[in-house]
*Asks:* 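This structure is in structure tokens; I'll ask about it shortly.
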2 protein chains.
Amino acid sequence: MIGVAQEVGRVQIGELAKVTGTTARALRHYEQAGLISSERASNGYRVYEEGAAVRVRNIRYLLAAGLTLDDVRVFLPCLDGDVAAAPPSDKGLRVAWERLAVLNERIAAQTETRDRLEAALRQKAGGLIRPAA
Amino acid sequence: MIGVAQEVGRVQIGELAKVTGTTARALRHYEQAGLISSERASNGYRVYEEGAAVRVRNIRYLLAAGLTLDDVRVFLPCLDGDVAAAPPSDKGLRVAWERLAVLNERIAAQTETRDRLEAALRQKAGGLIRPAA
DNA sequence: TTCAACCCTGCCGCCAGCGGCAAGGTCAAG
DNA sequence: CTTGACCTTGCCGCTGGCGGCAGGGTTGAA
């Protein structure tokens, strides 16, 4: 083993992938997209600091909610709280609010659509078929 | 002009695209995906019957809400109401309810995420920046 | 020394929902 | 008879978020 963790949190990509439930490939992708950063060891290996895991989990959480990497980039500085990253700039915050508004619209649209679909289904199904609940 | 409409609603692809606010390309795509159907004139041109416009608008509506073409295929039979298409089969209805449940989950996830983001933003912004509303 | 298990950087592939273009047929008007 | 607006099929391209592989270095253990 290459050092289970000399200093806590100084971890390489495979480990980070494992603990965050993702893949090294995805992590490199996030880095290239500017969502995470890494130092390099003398051999060129990426080394992640403590807190990276939190950040990555935040990323995954937002992605899972249907946000794009661009969106995530906007919101991340507001989520890390403690870790580095630019303290959310004024402009950054404005943009974040804008994206949030967009998100709200999307949710509204989907909700409306769902309601209509549900109504249509109830009507078609008479009473034969019921919501899975 | 090739006949502004001999019988009302017997219309070709460009017209249908125009009235539904989409493109011929997209309509062919929907057809290939099995979402709409068309007869052919003797010259090979697609001819759409009345009601196609409604169907297409339904499709666009659902797509705009973030559904996939697959999803749409599932829900369409329940929306046409009058037009042809298979009368929503029993199995079809079950599947539709399932998809609806998925949609609900997605909405829930997004809503939760939005709430968290909003909270984070409020905290970061103190009171400097306010929701766009 | 050799091996396995890591890591690196490309670069191509996939899915979805089309856009866009080529190469050709059809039709009505001038 | 030509023009131009329409239509046809087919295929390649693009965006996003990676997956996966090739080709190569580094490490620690046996």
Side-chain angles (χ1 to χ4, degrees), chain A residues 1-6 10-48 52 56-76 99 102 106, chain B residues 1-6 10-48 52 56-76 99 102 106:
Chain A
M1 242 184 236
I2 212 175
V4 171
Q6 287 197 328
R10 306 293 290 186
V11 85
Q12 46 183 76
I13 200 169
E15 260 295 295
L16 183 58
K18 210 174 298 177
V19 302
T20 56
T22 179
T23 67
R25 183 64 185 79
L27 293 178
R28 293 192 196 101
H29 186 61
Y30 298 156
E31 177 169 336
Q32 173 179 332
L35 298 186
I36 57 182
S37 59
S38 58
E39 300 152 36
R40 296 300 181 114
S42 51
N43 54 10
Y45 287 17
R46 266 165 265 249
V47 177
Y48 296 95
V56 170
R57 271 189 280 260
N58 278 335
I59 295 173
R60 301 237 98 203
Y61 177 71
L62 296 180
L63 285 181
L67 301 195
T68 69
L69 289 183
D70 269 23
D71 292 331
V72 174
R73 200 188 350 266
V74 167
F75 287 116
L76 268 186
R99 301 267 183 151
V102 172
R106 279 219 304 267
Chain B
M1 237 181 238
I2 213 175
V4 171
Q6 284 199 330
R10 306 294 289 186
V11 85
Q12 48 183 73
I13 200 169
E15 260 294 297
L16 182 59
K18 210 174 296 176
V19 301
T20 56
T22 179
T23 67
R25 183 65 185 77
L27 293 179
R28 292 193 196 102
H29 186 61
Y30 298 155
E31 177 169 335
Q32 174 179 331
L35 298 186
I36 56 182
S37 58
S38 59
E39 300 151 37
R40 297 302 181 114
S42 51
N43 55 9
Y45 288 17
R46 267 165 265 248
V47 177
Y48 297 96
V56 170
R57 271 190 281 260
N58 278 335
I59 294 173
R60 302 236 97 202
Y61 177 72
L62 295 180
L63 286 180
L67 301 195
T68 68
L69 289 183
D70 269 22
D71 292 331
V72 174
R73 202 187 348 265
V74 168
F75 287 116
L76 267 187
R99 302 267 182 150
V102 172
R106 279 220 303 268

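Each chain gets a letter, A, B and so on, in the order the sequences are listed, and its residues count up from 1.
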*Asks:* To the nearest angstrom, how far is B/Gln12 atom CD from C/dT26 atom P?
*Replies:*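 Checked: the CD to P distance equals 14 Å.
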*Asks:* Taking the side chain of B/Tyr45 as heavy atoms from C-beta outward, which of C/dC7, C/dG25, C/dG17 is closest to it?
*Replies:*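 The nucleotide sitting nearest to the side chain is C/dG25.
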*Asks:* Pick from A/Asn58, A/Leu62, A/Ile59: which one makes a side-chain contact (heavy atoms from CB on, under 4.5 Å) with A/Phe75?
*Replies:*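 Of all the options given, the one that passes is A/Leu62.
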*Asks:* Donor-acceptor pair, A/Arg57 side chain versus A/Val19 backbone, under 3.5 Å?
*Replies:*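 Present.
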*Asks:* Could you tell me the separation between the CD1 atom of A/Ile36 and the OG1 atom of A/Thr20, rounded to the nearest 0.5 Å?
*Replies:*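 It comes to 8.5 Å.
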*Asks:* Would you mind listing every side-chain hydrogen bond (donor to acceptor under 3.5 Å, both in side chains) that reaches into residues 23-32 of chain A, with sequence neighbours excluded?
*Replies:*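 Every side-chain hydrogen bond (donor to acceptor under 3.5 Å, both in side chains) pair that includes a residue of residues 23-32 of chain A, provided the two are not neighbours, is A/Tyr30-A/Arg60, A/Glu31-A/Ser38, A/Glu31-A/Arg46.
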*Asks:* Quick check on D/dT8: is either OP1 or OP2 less than 4.0 Å from any side-chain nitrogen or oxygen of B/Arg46?
*Replies:*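 Looking at the OP1 and OP2 atoms of D/dT8, one of them is under 4.0 Å from a side-chain N or O of B/Arg46.
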*Asks:* Using 0.5 Å steps for rounding, measure from the CZ atom of B/Arg40 to the OH atom of B/Tyr45.
*Replies:*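 That separation rounds to 11.5 Å.
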*Asks:* Working to the nearest 0.5 Å, report the span between CG of B/Leu63 and CG of B/Leu35.
*Replies:*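 Rounded to the nearest 0.5 Å, the CG-CG separation comes to 7.5 Å.
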*Asks:* Separation of A/Arg73 atom CZ from D/dG17 atom P, in whole Å?
*Replies:*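 The answer, rounded to whole Å, is 9 Å.
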*Asks:* Would you indicate which nucleotide in D/dT26, C/dC27, D/dC7 comes nearest to any side-chain atom of B/Asn43?
*Replies:*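 Comparing D/dT26, C/dC27, D/dC7 against the side chain of B/Asn43, the answer is C/dC27.
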*Asks:* Is B/Arg40 close enough to C/dT26 that one of its side-chain N or O atoms is under 4.0 Å from OP1 or OP2 there?
*Replies:*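 No, B/Arg40 has no side-chain N/O under 4.0 Å of OP1/OP2 on C/dT26.
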*Asks:* For DNA chain C, which residues in residues 23-33 of chain A have a heavy atom at a distance below 4.0 Å?
*Replies:*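 Those residues whose heavy atoms fall under 4.0 Å from DNA chain C, taken from residues 23-33 of chain A in numerical order, are A/Arg25, A/Arg28.
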*Asks:* In whole angstroms, how far is the P atom of D/dC18 from the CG atom of A/Leu62?
*Replies:*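 Rounded to whole Å, this separation is 12 Å.
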*Asks:* Take the protein atom OH of A/Tyr48 and the nucleotide atom P of C/dC6, then report the distance between them rounded to whole Å.
*Replies:*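 After rounding, the gap between these two atoms is 16 Å.
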*Asks:* For B/Arg60 and B/Ser42, take the nucleotide of DNA chain C holding the closest heavy atom to each; which residue's nucleotide lies nearer the 5' end?
*Replies:*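 First, find each residue's nearest nucleotide; the 5'-ward one identifies B/Arg60.
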*Asks:* Can you tell me how far CD of A/Glu15 sits from NZ of A/Lys18, rounded to the nearest 0.5 angstrom?
*Replies:*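 If we round to the nearest 0.5 Å, A/Lys18:NZ and A/Glu15:CD are 5.5 Å apart.
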*Asks:* Nearest to the side chain of A/Leu69, which nucleotide is it out of D/dT8, C/dT9, D/dG17?
*Replies:*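 Nearest to the side-chain atoms of A/Leu69, counting from C-beta on, is D/dG17.
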*Asks:* In whole Å, I'd like the distance from the CG atom of A/Leu67 to the C1' atom of D/dC18.
*Replies:*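 After rounding, the gap between these two atoms is 17 Å.
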